[in-house]
Asker: 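Got a structure for you, written out below as structure tokens; questions coming shortly.
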Amino acid sequence: MLAATSHGIDGILAECGGNAMCATCHVYVDESWLGRLPAMGSEEDALLDGAAAERRPTSRLSCQIKLTPDLDGLVLRLPDRQV
Amino acid sequence: MSASITSAQATAHGGGTPPSVPHLDVDPFAIDFFENPCPAQEALREAVVYLDKWSVYGVARHAQVHAVLNDPLIFCSSRGVGLSDFRKEKPWRPPSLILEADPPAHTRTRAVLSKVLSPAMMKQIRDGFLAAAEANVDELLQRRHIDAIADLAEAYPLSVFPNAIGLRQEGREHLLAYAAVVFSAFGPPNELRQAAIERSAPHQAYVAEQCRRTNLAPGGFGACVHAFSDTGEITLKEAPLLVRSLLSAGLDTTVNGLGAAIYCLARFPDQMAKLRADPSLARNAFEEAVRFESPVQTFFRTTTREVEIDGHAIGEGEKVLMFLGAANRDPRRWDEPDRNDLTRRTSGHIGFGAGVHMCVGQARLEGEVVLAALARKAASIEINGPVKRRYNNTLRGLESLPVTIKLA
């Protein structure tokens with residue numbers, strides 16, 4: 001999420017600034033990467049239920065994905081809307 | 001677009017040596033700056049600067065302010081987010097447990113406020129806030145000639161926010177006065193700050209009293225905060241101070257955000273026309289007003305070590321002044337930054353800050369419902385008298401905005 005907002009990626013709103021409060025940094029994770037991400041917490045899970053765009057099995061909040069060297073090449077797709 | 005922050009072990013200046021950045025003779029807390037900040041902000045954005053007037057570094061580019069906000073361990077808040085360094089000076093009030101704290105201490109208190117102000121909670125209060133906004137706007141349309149600050153930007157939040165907290169009816173007039181003191185006190189020891197603190201005692205006494213559990217109605221945000229002391233997530237001593245954060249930060253900021261939004265609609269009739277044509281733009285119109293006017297203009301951080309920002313060395317223990325308002329008008333980040341455009345993609349503005357300290361309440365609900373009510377019910381908002389600015393060391397807003405508001 002921070003990488004997106006630092007580079008002006010408009011499709012990530014991140015209204016709450018990465019504090020897991022708003023579900024406006026929703027992304028769909030490419031299936032081949034899904035298993036390599038940190039596990040989803042209960043707050044993220046609850047927020048995704050209220051996300052503006054359709055929740056899919058690959059849905060995550062990008063603020064909860066901390067980028068590490070292991071995630072180099074990560075493929076994320078943006079939903080059609082965040083609010 | 002992103003700024004570079006790197007650790008700088010031996011490059012920064014020591015005590016007494018002039019810092020290695022351009023010096024600028026600008027006082028961002030002077031009345032003439034408040035009246036017309038844009039030219040000075042342009043100069044501030046040229047580089048990381050040192051302001052001799054208050055012995056402080058300044059960052060004003062969007063990328064730099066964003067980077068500083070997102071590095072809370074190097075640019076800390078626990079030494080105060082105003083000019084005063086809590087390590088060298090006694091704070092004028094007990095420090096905030098959230099605003100003036102760093103991770104990991106901040107993480108715990110922030111989590112509590114996040115839960116109190118969760119999206120689920122916002123859904124619960126939404127209908128009531130919506131109805132109150134409609135009623136307020138209906139009444140103003142009957143009166144037609146109004147002061148958009150007192151009668152709407154202040155009246156509306158005052159009609160919903162204290163109830164949502166669970167405050168008693170009596171004494172609420174202290175709320176805006178207290179918040180004005182808090183925000184001026186972040187500034188330097190100028191006349192504004194000194195006068196604010198001198199007259200703060202009755203407001204402080206009111207706020208301290210209202211933060212006690214017995215004075216907060218069940219079901220309100222205040223009582224919700226206290227409930228977290230039952231489960232041990234915060235202590236009995238911490239609970240009232242966290243309620244204080246809601247009272248300090250939740251009202252005056254909203255008033256100035258709403259005031260900014262109405263001022264934009266009154267000055268830019270083409271934007272009002274767009275909003276009327278599509279009331280669903282209300283939410284973004286509020287965001288754009290917060291970007292455009294930046295009701296919270298500045299905050300400070302203190303460096304915990306020597307550091308470089310885009311090659312400019314800053315020593316340990318230095319105050320860094322972040323110009324949120326200048327960053328929100330930075331042409332390196334925004335196309336036509338000085339144009340108010342409520343269809344703009346406002347994502348990334350830092351009017352609410354960024355990172356772990358980003359505004360927890362954000363007033364988006366209050367902003368959206370008032371602007372949506374105006375969009376549906378009002379044909380026009382025209383300024384019909386002298387516009388008066390209100391002076392505060394941190395907050396940018398108006399004292400008075402006389403307008404004629406016509407029914408659609």
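Below, chain A is the first sequence line, B the second, and so on; all start at residue 1.
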Asker: Output the option from B:Gly355, B:Gly348, B:Ala354 having the highest count of non-hydrogen pairs under 4.5 Å with chain A.
Answerer: B:Gly355

Asker: Just wondering, do A:Ser6 and B:His66 contact through their side chains at under 4.5 Å, heavy atoms?
Answerer: yes

Asker: Would you indicate whether B:Asp338, at its atom CG, is surrounded by more than 12 heavy atoms from other residues, nucleotides or ligands within a distance under 6.0 Å?
Answerer: yes

Asker: For the interface with chain B, which of A:Asp10, A:Thr5, A:Val83 has the highest count of heavy-atom pairs at distances below 4.5 Å?
Answerer: A:Asp10

Asker: Counting only N and O atoms by type, is there a donor-acceptor contact under 3.5 Å from the side chain of B:Ser114 to the main-chain atoms of A:Met21?
Answerer: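 Not confirmed, B:Ser114 side chain does not pair with A:Met21 backbone.
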
Asker: Could you state the interatomic distance from CG (A:Leu13) to CG (B:Asn284), rounded to the nearest 0.5 Å?
Answerer: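 The CG atom of A:Leu13 sits 8.5 Å away from the CG atom of B:Asn284.
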
Asker: Do you know which of B:Val360, B:Thr346, B:Val356 has the most heavy-atom pairs under 4.5 Å to chain A?
Answerer: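 The option with the most such pairs is B:Val356.
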
Asker: When you compare the side chain of B:Lys115 with that of A:Glu43, does any pair of heavy atoms fall below 4.5 Å?
Answerer: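 Yes. Closest side-chain heavy atoms under 4.5 Å.
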
Asker: Where does A:Leu47 contact chain B at under 4.5 Å (heavy atoms): side chain, backbone, both or neither?
Answerer: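 Just the side chain, heavy atoms under 4.5 Å.
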
Asker: Distance-only, no hydrogens or angles: does the B:Asn70 side chain make a donor-acceptor pair with backbone N or O of A:Leu2 under 3.5 Å?
Answerer: no

Asker: Can you tell me if B:Asp335 has over 12 outside heavy atoms packed within less than 6.0 Å of its CG?
Answerer: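 Check fails, neighbour count at 12 or below.
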
Asker: Provide the closest heavy-atom pair for A:Glu15 versus B:Arg283 in the form atom of the first, atom of the second, distance.
Answerer: OE1-NH2, 2.6 Å

Asker: So does B:Arg126 have more than 12 non-hydrogen atoms from other groups sitting under 6.0 Å from CZ?
Answerer: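 Counting neighbours around CZ of B:Arg126, 12 or fewer heavy atoms of other residues, nucleotides or ligands fall under 6.0 Å, so no.
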
Asker: Let me know if A:Gln82 has heavy atoms under 4.5 Å from chain B in its side chain, its backbone, both or neither.
Answerer: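 No part of A:Gln82 comes within 4.5 Å of chain B.
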
Asker: I'd like to know which of A:Ala14, A:Gly18, A:Gly50, A:Cys16 tops the heavy-atom pair count under 4.5 Å against chain B.
Answerer: A:Cys16

Asker: B:Leu117 versus chain A, heavy atoms under 4.5 Å apart: side chain, backbone, both or neither?
Answerer: both

